[in-house]
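First the structure, in the form of structure tokens, and then the observations on it.
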Amino acid sequence: MITSHRVLAAAAAAGTAVLLLSGCVAKSDAQATAAFDVSSTATDCAVSASTAKSGTLTFDVKNDTDEVSEFYLLAEDGLRIVGEVENIAPAASRTLTVVAQPGEYFTLCKPGMVGDGVGRASFTVTGDRVAVDGPDAEQKQKAVDLYGAFVKDQVGQLVPAVEDLVAAYESGDDETARTLFPQTRAFYERIEPVAEALGDLDPRIDYREVDAVAEGLDWTGFHRIEKDLWVPAKDALNADGETPAWQDWAPSTPAERADYGDLLLADVQELYDYVHSDDFTTALDDQGIGGISNGAIALLDEVATGKISGEEDWWSGTDLFDFAANVEGSKMAFSLVQDFAAAQGDDGEALVSEIETGYTALEESLAAHGSLAEGFVGYGELTEADKREFTDLINALAEPLSQLTGTVLD
């Protein structure tokens with residue numbers, strides 16, 4: 001990351017739009033509650049039906065495993081959490097009630113509450129859109145709660161991903177580690193502002209060498225590992241374009257790799273512990289939806305200041321993975337607050353439309369170079385025209401996005 005210092009308002013930024021998928025609705029507009037049975041096992045997440053009419057849906061989740069489990073209803077992109085129920089004890093049952101608008105969704109269970117879950121399946125909601133209504137404060141709190149759930153989910157997937165990366169790195173399996181590196185970082189990049197709010201945790205996890213040296217900090221984390229995996233040429237320069245790559249650096253010994261790997265594991269565990277603490281919940285509540293919209297802006301700024309220049313993943317050239325993950329996190333934050341903005345009349349609706357168009361154009365441009373699932377081209381393969389196109393699209397989106405917080409708080 002580039003040395004930017006965001007407050008937790010940015011952290012709360014990823015959470016408000018899903019609220020409109022699972023927020024309060026006028027009783028006269030919602031159909032009678034539809035109920036579904038869910039069995040969470042070690043290998044599956046069996047839901048009694050895969051379609052429903054829009055309105056209030058209830059999922060009765062039975063944990064048929066010997067460890068604590070969770071159940072999620074995810075939006076079409078597989079990232080945004082429409083609703084979730086966690087801490088389901090073995091043999092216990094919990095109920096999730098949401099208001100679902102027409103669209104495509106996914107159901108998913110997560111035994112052990114870590115990893116990417118099991119039994120992901122499509123779930124389709126048909127019918128007419130349900131009118132959103134109810135106390136404004138309740139809707140806003142729901143948005144904040146859903147952002148918290150999103151962060152926990154991403155960090156829950158980050159932990160085992162880092163474990164796999166570190167295992168390959170420490171064992172000297174550099175080919176596997178190089179493959180895992182950009183995919184692992186995506187979980188972190190979607191929610192990075194949370195770590196940035198915790199003092200020196202983000203610097204320990206994600207500082208580039210030039211940033212650590214400039215601030216007199218020990219250099220650890222992802223980018224220390226990155227340089228070992230993509231050893232620079234003897235005459236290469238560091239990301240500042242001035243410092244020789246081998247100045248005060250040499251490839252890590254096996255013992256040093258073990259130390260750096262264990263430090264990253266410990267720091268990611270600290271992040272996991274924090275997002276499951278009361279302190280995190282309180283911080284999100286204090287920031288509210290203004291923090292959520294600010295986070296959408298901050299994550300796009302992260303792209304503009306580091307990824308678009310190729311300075312973030314200087315040795316690996318995997319910046320487009322970080323770029324895409326930042327955009328996903330930013331768009332998810334926007335999606336959580338967009339209905340609040342649209343509710344402010346014609347100007348609010350126009351702003352939302354302009355922002356949506358901006359995200360679509362940026363995503364289409366990224367897609368021309370790959371995807372998070374299939375991989376991106378290396379940053380060095382981009383032409384100057386490609387970089388200018390990205391810059392222009394980011395600037396075009398940043399201008400209306402900068403108005404978002406003021407609009408949702410009107």
Side-chain angles (χ1 to χ4, degrees), residues 1-6 8 10-15 78-79 81 114-116 147-169 177-208 211-212 219-227 229 260-276 280 295-296 298-303 305-307 311-316 318-333 372-373 376:
M1 67 156 253
I2 306 303
T3 43
S4 60
H5 303 282
R6 295 191 289 273
L8 187 57
L79 290 172
I81 298 172
V114 296
D116 54 7
Y147 177 65
F150 170 75
V151 171
K152 291 177 185 178
D153 173 68
Q154 291 298 299
V155 178
Q157 295 185 66
L158 176 67
V159 169
V162 169
E163 289 173 350
D164 290 343
L165 170 64
V166 167
Y169 169 68
R178 283 192 289 265
T179 299
L180 294 174
F181 179 81
Q183 298 287 356
T184 299
R185 284 180 52 75
F187 298 116
Y188 186 78
E189 291 294 326
R190 293 187 187 105
I191 53 88
E192 184 176 9
V194 175
E196 290 187 338
L198 298 178
D200 64 352
L201 184 59
D202 179 67
R204 299 201 310 263
I205 292 175
D206 203 37
Y207 255 25
R208 300 173 308 149
D211 295 325
W219 183 40
T220 61
F222 279 121
H223 295 300
R224 182 88 197 202
I225 290 173
E226 177 195 7
K227 196 171 182 179
L229 296 176
Y260 292 130
D262 290 349
L263 283 170
L264 181 58
L265 288 171
D267 290 336
V268 169
Q269 183 62 48
E270 181 178 333
L271 179 61
Y272 179 90
D273 292 342
Y274 171 69
V275 302
H276 287 83
F280 176 62
L299 281 167
L300 192 68
D301 181 63
E302 186 75 15
V303 177
T305 57
K307 281 69 175 184
E311 296 176 19
E312 178 81 359
D313 299 313
W314 186 250
W315 307 116
S316 64
T318 57
D319 299 85
L320 290 186
F321 287 84
D322 289 3
F323 186 153
N326 283 156
V327 171
E328 284 187 345
S330 177
K331 185 180 179 182
M332 201 246 6
L372 281 169
F376 284 99

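Any value given below was found using the heavy atoms of this structure, including those in side chains, with hydrogens, waters and symmetry copies removed.
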Self-check item: Considering all heavy atoms, the nearest Ala333-Ala296 contact
Solution: CB-CB, 3.7 Å
Self-check item: Asn326 backbone acceptor or donor facing Ser330 side chain under 3.5 Å
Solution: no
Self-check item: Side chain to side chain, Val155 and Tyr274, heavy atoms closer than 4.5 Å
Solution: no
Practice problem: Quick one: list whatever passes side chain to side chain donor-acceptor pair (under 3.5 Å) with Glu328, sequence neighbours left out. | Solution: Arg190
Self-check item: Lys227 NZ to Trp314 CH2 distance, which is reported to the nearest 0.5 Å
Solution: 11.5 Å
Self-check item: Partners passing ring-ring contact (aromatic ring centres under 6.0 Å, His included) against Tyr169 (at least two apart in sequence or in another chain)
Solution: none
Quiz item: What pairs with Gln157 under side chain to side chain donor-acceptor pair (under 3.5 Å), at least two apart in sequence or on another chain?
Solution: Asp153
Exercise. Would you confirm whether Trp315, through its side chain, and Leu229, through its main-chain N or O, come within 3.5 Å as a donor-acceptor pair?
Key: no
Practice problem: Any pair with a residue in residues 265-275 that passes salt bridge (charged side-chain N to carboxylate O under 4.0 Å, His left out), sequence neighbours left out, goes on the list, sorted by first then second residue, please. | Solution: Arg204-Asp267, Arg204-Glu270
Self-check item: For the student: nearest non-hydrogen atoms of Ala324 and Leu372, plus distance
Solution: CB-CG, 3.9 Å
Quiz item: How far does CG of Leu165 sit from OG1 of Thr184, to the nearest 0.5 angstrom?
Solution: 5.0 Å
Quiz prompt | Non-neighbouring partners of Asp262 that pass salt bridge (charged side-chain N to carboxylate O under 4.0 Å, His left out), sequence neighbours left out | solution = none
Self-check item: By side chain to side chain donor-acceptor pair (under 3.5 Å) - contacts of Asp116 (at least two apart)
Solution: none
Practice problem: Check ring-ring contact (aromatic ring centres under 6.0 Å, His included) between Phe187 and all other residues, then give those that pass, not counting sequence neighbours. | Solution: none
Quiz item: Where is the tightest heavy-atom contact between Arg208 and Glu311, given as atom of each residue plus distance?
Solution: CD-O, 3.1 Å
Practice problem: Taking all non-hydrogen atoms of both residues into account, name the closest pair between Gln183 and Thr179 and its distance. | Solution: CG-O, 4.0 Å
Practice problem: Would you confirm whether Asp202, through its side chain, and Ala195, through its main-chain N or O, come within 3.5 Å as a donor-acceptor pair? | Solution: no
Quiz item: Gly156 and Tyr272: which non-hydrogen atoms are nearest, and at how many Å?
Solution: CA-CE1, 4.2 Å
Practice problem: Walk me through it: do Leu320 and Lys307 pass the test side-chain contact (heavy atoms from CB on, under 4.5 Å)? | Solution: CA-CA 7 Å; Leu320 290 186; Lys307 281 69 175 184; over 6 Å; no
Practice problem: Kindly indicate, with the supporting measurements, whether the criterion side-chain contact (heavy atoms from CB on, under 4.5 Å) is fulfilled by Gln269 and Leu265. | Solution: CA-CA 6 Å; Gln269 183 62 48; Leu265 288 171; over 6 Å; no
Quiz prompt | salt bridge (charged side-chain N to carboxylate O under 4.0 Å, His left out) partners for Asp322, two or more places apart | solution = Arg185
Exercise. Write down the atom of Phe181, the atom of Phe222, and the distance for their closest heavy-atom approach.
Key: CE1-O, 3.4 Å
Self-check item: Tyr260: partners by ring-ring contact (aromatic ring centres under 6.0 Å, His included), with sequence neighbours left out
Solution: none
Quiz item: If we only count heavy atoms from C-beta on, is the Tyr188 to Val162 side-chain gap below 4.5 Å?
Solution: no
Practice problem: Just jot down the side chain to side chain donor-acceptor pair (under 3.5 Å) partners of Thr318, sequence neighbours excluded, or say none. | Solution: Asp313, Ser316
Exercise. Taking ring-ring contact (aromatic ring centres under 6.0 Å, His included) as the test, write out the residues that go with Phe323, two or more places apart.
Key: Phe390
